[in-house]
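Below you'll find the structure, written out as structure tokens, and then a few comments.
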Amino acid sequence: MRKPIIAGNWKMNKTHEEAVSFIEDIKEKVPAGSKVDTVVCAPALFLKSMNDASEGSDVAVGAQTMHFEDNGAFTGEISPEALADLSIPYVIIGHSERREMFNETDDSVNKKLHAAFNHKLVPIMCCGETLEERESDKTESVVRGQVEKGFAGLSKEQAAQVVVAYEPIWAIGTGKSSTAKDANETCGTIRRILSELYDQETAEAVRIQYGGSVKPENIGGYMAMEHIDGALVGGASLKPDAFLQLVEAGSNEQ
Ligand SMILES: O=C[C@H](O)COP(=O)(O)O
């Protein structure tokens with residue numbers, strides 16, 4: 001049985017004070033030993049304070065990206081070594097906004113997945129197709145390329161620990177969410193691709209999230225689906241009440 005994982009992705013939002021106060025607000029309300037992994041991925045500047053504020057609770061903190069090198073002349077970048085040093089447990093890798101606006105490629109995603117495992121960080125690897133690709137029936141080939149190249153060289157044990165976030169790009173921040181049935185179909189395709197790359201047992205262990213205009217009103221439909229083990233949530237993760245409703249839905253539906 002895969003443990004559900006609800007992750008907020010704040011993107012470039014909030015101040016330091018708002019970030020810490022969000023964690024203070026929710027941490028008592030996410031019960032210890034909860035049936036769902038609860039993660040908040042925030043701008044790097046806030047991670048240390050948020051991690052300190054979440055201590056003793058079941059709320060985990062994550063970065064939104066990182067470099068694949070441990071250190072060096074990479075102005076403005078975030079080092080995996082530094083994240084690990086701060087005991088940040090999760091990192092999003094290959095979000096479509098990074099792919100589209102910051103030159104993230106399948107090759108850099110692959111290097112970052114390896115770097116994450118070198119530092120015992122749990123990677124949340126994003127994949128998903130554009131509207132044009134969907135309309136020309138390329139969804140499977142697009143996610144296949146992203147998953148095959150992203151996972152290249154990972155062992156079975158490592159692959160089983162990756163969290164895959166399937167985020168159709170046309171559904172991100174648009175209010176146009178995928179139907180639960182369509183999202184489940186593509187998440188099932190991703191699981192099949194993983195079973196071809198590894199084996200059925202490894203593929204069954206991988207947690208696959210849906211992302212794209214998830215909110216408290218629609219999360220139940222996704223969580224009820226066979227191949228969907230959680231959600232990566234942007235806009236609706238910014239308010240403590242809505243985020244807690246998402247976490248509660250994540251615990252109820254499995
Ligand atoms: O990482 C989160 C996704 O980009 C989804 O964002 P959204 O929930 O605002 O559509």
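Since the structure is predicted, the reported quantities are computational estimates derived from the model, not experimental observations. Whatever order the structure lists ligands and atoms in, that order sets their numbers, starting from 1.
- Ion pair Arg192/Glu140 flagged as a salt bridge, since at least one NZ, NE, NH1 or NH2 atom sits closer than 4.0 Å to an Asp/Glu carboxylate oxygen.
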Ligand 1 polar-atom proximity to protein (N/O, under 3.5 Å):
unit_1	atom_1	unit_2	atom_2	d
ligand 1	1 (O)	Asn9	ND2	2.9
ligand 1	1 (O)	His95	NE2	3.0
ligand 1	1 (O)	Glu167	OE2	3.3
ligand 1	4 (O)	Lys11	NZ	2.8
ligand 1	4 (O)	His95	NE2	2.8
ligand 1	4 (O)	Glu167	OE1	3.4
ligand 1	6 (O)	Lys11	NZ	3.4
ligand 1	6 (O)	Gly234	N	3.4
ligand 1	8 (O)	Gly234	N	2.8
ligand 1	9 (O)	Gly235	N	2.9
ligand 1	10 (O)	Gly173	N	2.6
ligand 1	10 (O)	Ser213	N	2.7

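- Side-chain contact between Arg207 and Val163 is present, with at least one heavy-atom pair separated by less than 4.5 Å.
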Please walk me through it: do Arg191 and Glu226 pass salt bridge (charged side-chain N to carboxylate O under 4.0 Å, His left out)? CA-CA 11 Å; Arg191 210 176 291 292; Glu226 179 187 358; over 6 Å; no
Stepwise side-chain contact (heavy atoms from CB on, under 4.5 Å) check, Ser79 with Phe74: CA-CA 9 Å; Ser79 145; Phe74 302 104; over 6 Å; no
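- You'll find the ring centres of Trp10 and Phe22 inside the 6.0 Å limit.
- A donor-acceptor pair shorter than 3.5 Å can be found between the side chains of Ser108 and Glu104.
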